[in-house]
Amino acid sequence: MSSVHAVADDIVRVDALVDDLLAAHDPRTTDQATFRGAQYDRGLAWVHFPEGFGGLGLPPRVQQHVERRLRTAGAPAPHGTLFFGLSLAGPTVVTHGRDELRTRALRPMFTGEEIWCQLFSEPGAGSDLAGLATRAVRDGEEWVVNGQKVWNTLAHIADRGMLVARTDPELPKHKGLTYFMVDMHAPGVEVRPLRQITGEAEFNEVYLTDARIRDADRIGDIGDGWRVSMTTLMNERTTIGGAGGGGGGRSGRRVGAIAEALDIWSRRTERSAVDRDRLARLWIDNEVLRYTNMRAAANARAGNPGPEGSIAKLALANTNKATYELCIDLLGADGIVGYDYTFTRPDEAGLDAPLGSSRKMFLRARANSIEGGTSEIMRNILGERVLGLPREPGIDPNTPWSQIPRS
Ligand SMILES: Cc1cc2nc3c(=O)[nH]c(=O)nc-3n(C[C@H](O)[C@H](O)[C@H](O)COP(=O)(O)OP(=O)(O)OC[C@H]3O[C@@H](n4cnc5c(N)ncnc54)[C@H](O)[C@@H]3O)c2cc1C
C-alpha cells in the first residue's frame with residue numbers, strides 16, 4: 001500500500017474516533033480532566049504510542065490532524081502546566097517504562113491530574129549531565145536518594161519528577177546512572193524558589209534528603225539512565241525548537257516573537273528603512289524555522305526525535321532573541337518602562353506569551369540559549385552526531401565516576 005493511502009486510512013480511522021469522542025463529550029462544557037481522559041481512552045492522546053497507552057501505533061503526524069479537529073470543535077489547547085508531562089515524560093515512560101508503570105503514569109499525566117517536572121541539572125552538572133552526583137542507594141524494594149537538583153521548572157506545582165541519579169559511582173560516568181519517577185510530595189523532597197531576570201520564579205532548587213522511591217517507579221534498567229535521559233532530552237529540544245511555530249504546539253505565520261514585532265511595527269508612525277530591513281530578515285528567519293519544523297514533523301516516522309532535533313533548538317534561540325531585541329528597539333523608550341518585576345510563581349514555563357508581552361519576553365528569551373541544553377552544546381551535538389566531525393578531547397570515557405576530579 002502506498003504511504004498516501006496508508007495516511008488516508010489512518011485519517012479515516014482517527015476521524016471516526018474523534019467523532020465518537022465529540023459525540024460523547026462536548027469539549028466546550030466538559031471539564032478538562034474528563035474530556036482528556038476520554039481522549040486518552042480512545043488512543044487520541046499521543047497517536048504514535050501503542051494501543052492501550054493513549055495511542056494507536058500511528059505516525060506522529062496524524063496527531064496534528066486530531067489536534068486540529070479538537071481545536072475546531074472548541075477543545076482548548078493543553079495548558080502550559082502540562083508541558084513536561086506531555087512532551088518529555090510521556091515519550092520517556094512509554095519508551096522505557098514497564099507496562100505497569102505506563103498504566104499508572106500516562107493517563108493522569110495526559111489529563112493533567114498529575115503535573116510533572118524535570119530533575120536533571122545539578123549545581124555541578126548541567127551541560128555535563130552525566131557528571132551528576134545525586135546518589136540513589138538500593139534498600140530492598142526501595143531506593144534512598146540524596147542530592148541537590150537545580151533550575152527545576154514548575155517543581156513547585158509538580159506531583160511527579162523525572163529524576164536521574166547515580167546508582168554506581170564505580171562505573172564510568174555515563175554507565176552508573178538510573179532514571180526514576182519521584183513523588184514530589186514524598187518526605188525528603190524539598191522545593192525552594194529561584195528568582196529569574198523576569199522577576200518570576202518559574203524554576204526551583206530541589207533538595208532530596210533520604211527520599212524514598214519504590215523500585216516499581218524506576219524507568220528503564222538499573223544503569224541505563226543515560227540512554228533513558230536522551231529520550232527526554234531529544235524530545236525537549238525538539239519541542240522547544242518547535243515552539244517557533246509549525247512543528248510544535250503552535251503553527252501559523254503570525255505567532256510568537258515575530259507576531260509581536262509585526263504588531264509593534266504596524267502601530268509605529270515613524271518607520272526607518274533600517275528597521276524595515278531587520279524586520280524583513282527576521283520574518284524570513286522565522287519562516288525558515290517554521291518550515292524546518294514542519295518538514296521535520298512530516299518526516300517523523302517513529303516517536304522519538306534524533307540529534308537533528310538540535311537544529312530547531314539552536315535556531316529558535318537565535319531567532320527569538322533577535323526578534324525580541326527588535327521589538328524592544330522599536331518600542332524605544334517605552335521598551336524600558338512599565339515592566340512589573342513583582343515576584344510571582346507561574347504555573348507554566350514561559351516559552352510562550354500573549355501579544356503585548358515583549359518587555360517580559362525580551363528578558364525571558366535570554367534563557368532560550370540555555371534551557372534544554374545550551375547553544376554551544378547544540379553545536380557540539382550537530383558537529384559530532386549529524387555532521388560526523390571528530391569528538392572533543394575529554395576525560396577517558398572508561399574512568400570510573402568516583403575517580404574523576406571534581407571541585
Ligand atoms: C529557564 C530555564 C529552565 C530550566 N529548566 C530546567 C528543568 O526544568 N530541569 C532541569 O533539570 N534543568 C533545567 N534547566 C537547566 C539547564 O538544562 C542548564 O542550565 C543547562 O543544561 C546548562 O547547564 P549549566 O547551567 O550548569 O551551565 P554549564 O554547563 O556550567 O555551562 C556554562 C557555559 O559553558 C558552556 N559549555 C559547557 N560545556 C561546554 C562544552 N563541552 N563545549 C562548549 N561550551 C560548553 C555552556 O554552553 C555555557 O555557556 C533550566 C535552565 C533554564 C535557563
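We count residues from 1, following the sequence as given. These numbers were taken from a predicted model, which means no experiment stands behind them. We count ligands from 1, going down the list as the structure has it; atoms in each ligand are counted the same way.
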Within the structure provided, determine whether E142 and D215 are in side-chain contact (heavy-atom separation under 4.5 Å). no
Look at D329 together with R278 and state whether they make a salt bridge at an N to O cut-off of under 4.0 Å. yes
Under a 4.0 angstrom heavy-atom cut-off, which atoms of ligand 1 come close to [X]?
X    : value
I370 : 19 (O), 20 (C), 53 (C)
F84  : 8 (O)
F120 : 11 (O)

State whether a side-chain donor-acceptor pair under 3.5 Å links [X] with [Y].
X    : Y    : result
S375 : N318 : no
Y179 : T232 : yes
D31  : T34  : yes
R281 : N286 : no

Does some non-hydrogen atom of the protein lie less than 4.0 angstrom from [atom]?
atom                    : value
atom 4 (C) of ligand 1  : yes
atom 34 (O) of ligand 1 : no
atom 15 (C) of ligand 1 : yes
atom 46 (C) of ligand 1 : yes
atom 30 (O) of ligand 1 : no

Identify, for [atom], the protein heavy atom at the shortest distance, and state residue, atom and that distance.
atom                    : result
atom 52 (C) of ligand 1 : E371 CB, 3.6 Å
atom 49 (O) of ligand 1 : E376 OE1, 3.5 Å
atom 41 (N) of ligand 1 : E392 OE1, 3.3 Å

Taking distance alone, with N or O pairs closer than 3.5 Å, would you say [X] contacts ligand 1?
X    : value
T153 : yes
R364 : no
Q118 : yes
E122 : no

Report the distance from atom [atom1] of [X] to atom [atom2] of [Y], rounding to the nearest 0.5 Å.
X    : Y    : atom1 : atom2 : result
R271 : T269 : CZ    : OG1   : 8.5 Å
D217 : D183 : CG    : CG    : 8.0 Å
L326 : F362 : CG    : CZ    : 11.5 Å
R42  : E51  : CZ    : CD    : 14.0 Å
E170 : S402 : CD    : OG    : 3.5 Å

Option of least heavy-atom distance to [atom] (set: [options]):
atom                    : options                : result
atom 42 (N) of ligand 1 : L194, N380, I377       : N380
atom 37 (C) of ligand 1 : G126, S127, G131, A367 : S127
atom 18 (C) of ligand 1 : P123, G373, S121       : S121
atom 25 (O) of ligand 1 : W151, W116, F203       : W151

For ligand 1, does [X] get within less than 4.0 Å through its side chain, its backbone, both, or neither, judged by non-hydrogen atoms?
X    : result
T374 : side chain
K149 : neither
L129 : neither
L154 : neither

Kindly indicate whether a cation-pi arrangement holds for R192 with Y207, taking the cut-offs as under 6.0 Å to the six-membered ring centre and within 45° of the axis. yes
Tell me whether the centres of the aromatic rings in F110 and W46 are closer together than 6.0 Å. yes
Over 60° means perpendicular and under 30° means parallel, so tell me whether W151 and F203 are parallel, tilted or perpendicular. tilted
